[in-house]
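What follows is a single structure, written as structure tokens, with notes after it.
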Amino acid sequence: MEIVIVPDAVAGGSLIATAIADLLIAKPDALLGVATGSTPTPIYQALAARVADGSVDASRARICQLDEYVGLPAGHPESYRSVVLREVVEPLGLTEASFLGPDGNAPDIAAAAAEYDRALAEAGGVDLQLLGIGTDGHIGFNEPCSSLASRTRIKTLTRQTREDNARFFDSLDEVPHHVLTQGIGTILEARHLVLLATGEAKAEAVALAVEGPLSAMVPASALQLHPHATVVVDEAAASGLKLADYFRDTYAAKPVWQGL
Ligand code: F6R
């Protein structure tokens, strides 16, 4: 696992946008898995700016969702489908035709989950999966004690995650209890995992995920199993890392041609 410590969220967004741009040169129709929440916004802004100024061609890119609330009415502005269309698909100049997501309103949620795993495989698999991390160590919405081999399925959010996400809703009561999320096993099938974490509130979860033991109690520690996982953290989110100096030295000495 590579740990890159950047000065701030904007620098992290720019670095990851460069990795996506490089991927799109190598594979113009790459399938890009996107996370929602506040953290990845600087990535999407940096990428959209490069598409707008013509330095990145994302016209053949395909976008897929990591997770979705269960039961929010179709078109709800905080459904992750709406968020991804608004914050990623449209700013990159793409349409829904380039987009894959699970149906959080399906009458048969278990079937919708299995169908989404199938759709990802039929699309050739995810080339680069962006991830955030919850304050409780979740990735996607795989809460603590999620199976490290899990597939896309329904999960129940912890109270902590519902409280963290209440800022997107008018009240805590409106935050759904249930979600459809790519499983940890599903996430680990992506060819490259890129997790961005910013801010002091993520420092403990980052330290446990990167330097702690592999454990279902810290779902993000599953990145330790992946042959190509990159964790980009700002100084605040890196503040709990014992090996921070080693990670800084390693990245400083890395040949530029290697990219992320
Ligand atoms: C959302 C997702 C979650 C978030 C995490 C952090 O699609 O996958 O794992 O990445 O809850 O959220 P923020 O970035 O809002 O702190």
Side-chain angles (χ1 to χ4, degrees), residues 6 8-10 12-13 16 32-46 63-70 72 76-89 99-102 104 113 116 120 126 128-146 150 152-169 172 175-188 190 193-206 208-209 216 218-223 229-234 236-238:
V6 292
D8 53 35
V10 171
I16 296 171
L32 180 63
V34 296
T36 48
S38 306
T39 310
T41 303
I43 308 171
Y44 305 142
Q45 287 175 340
I63 306 294
C64 66
Q65 230 173 307
L66 180 58
D67 42 20
E68 180 58 282
Y69 289 115
V70 168
L72 283 188
H76 188 291
E78 293 308 326
S79 78
Y80 282 171
R81 182 182 188 91
S82 300
V83 172
V84 171
L85 290 175
R86 190 169 66 231
E87 296 185 358
V88 186
V89 173
F99 172 77
L100 271 180
Y116 190 50
L120 292 175
V126 177
L128 187 154
Q129 177 65 54
L130 297 171
L131 298 167
I133 186 169
T135 55
D136 62 3
H138 69 226
I139 47 171
F141 275 135
N142 296 282
E143 296 286 29
C145 290
S146 289
S150 48
T152 300
R153 69 218 182 289
I154 190 168
K155 286 294 288 180
T156 304
L157 295 178
T158 60
R159 183 172 180 92
Q160 186 174 330
T161 299
R162 291 185 62 247
E163 286 173 357
D164 286 346
N165 285 5
R167 67 190 188 283
F168 296 112
F169 295 84
L172 179 61
V175 184
H177 286 268
H178 295 111
V179 288
L180 267 179
T181 181
Q182 284 190 34
I184 296 175
T186 316
I187 291 170
L188 290 175
L193 299 180
V194 181
L195 186 150
L196 176 64
T198 53
E200 174 73 39
K202 301 294 174 68
E204 188 186 353
V206 166
L208 289 169
V218 183
S221 67
L223 267 68
T230 308
V231 174
V232 179
V233 278
D234 69 358

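Just so you know, ligand 1 is whichever comes first in the structure, and atom 1 is the first atom listed for that ligand.
Close approach of ligand 1 to Ser38 is summarised as follows: ligand atoms under 4.0 Å from at least one heavy atom of the residue are 13 (P), 14 (O), 15 (O). Each of the following atoms of ligand 1 lies closer than 4.0 Å to a heavy atom of Thr39: 13 (P), 14 (O), 16 (O). Of all atoms in ligand 1, numbered sequentially from 1 with element shown, those under 4.0 Å from a heavy atom of Gly37 are 14 (O), 15 (O). Within ligand 1, the atoms closer than 4.0 Å to a non-hydrogen atom of Gly140 are 2 (C), 3 (C), 8 (O), 9 (O), numbered from 1 in the order shown. The contact set between ligand 1 and Gly132, taken as ligand atoms under 4.0 Å from a residue heavy atom, comprises 10 (O). Counting atoms of ligand 1 from 1 in the listed order, those under 4.0 Å from a heavy atom of Arg167 are 13 (P), 15 (O). In summary, the atoms of ligand 1 found under 4.0 Å from a heavy atom of Lys202, numbered by their order in the structure, are 6 (C), 13 (P), 16 (O).
Residue contacts with ligand 1, taken as heavy atom pairs separated by less than 4.0 Å, do not involve Asp164 at all. Residue contacts with ligand 1 for Leu66 involve side-chain atoms from C-beta outward but no N, CA, C or O (heavy atoms, distance under 4.0 Å).
With ring centers used as reference points, Tyr69 lies 6.0 Å or more from Phe168.
Using a distance-only test at 3.5 Å, with no hydrogens or angles considered, no donor-acceptor pair links the side chain of Asn165 to the main chain of Arg162. No side-chain donor-acceptor contact under 3.5 Å links Arg153 to the backbone of Ser150. Panel note: side chain Arg81, backbone Glu68; no donor-acceptor pair is recorded below 3.5 Å.
Looking only at protein heavy atoms, the nearest one to atom 1 (C) of ligand 1 is Thr36 OG1, 3.2 Å. In terms of protein heavy atoms, atom 8 (O) of ligand 1 is closest to Asp67 OD2, 2.8 Å. Of the protein's non-hydrogen atoms, the one nearest atom 6 (C) of ligand 1 is Ile133 O, 3.4 Å. Scanning all protein heavy atoms for the shortest distance to atom 11 (O) of ligand 1 gives His138 NE2, 2.7 Å.
Between the side chains of Gln182 and Thr152, no donor-acceptor pair of N or O atoms lies under 3.5 Å. A donor-acceptor contact closer than 3.5 angstrom links the side chains of Thr135 and Gln160. In this model, no donor atom of one side chain and acceptor atom of the other lie less than 3.5 Å apart for His76 and Ser82. Side-chain atoms of Thr198 and Asp8 include no donor-acceptor pair closer than 3.5 Å.
Within a 6.0 Å radius of CD in Glu78, other residues, nucleotides and ligands contribute more than 12 heavy atoms.
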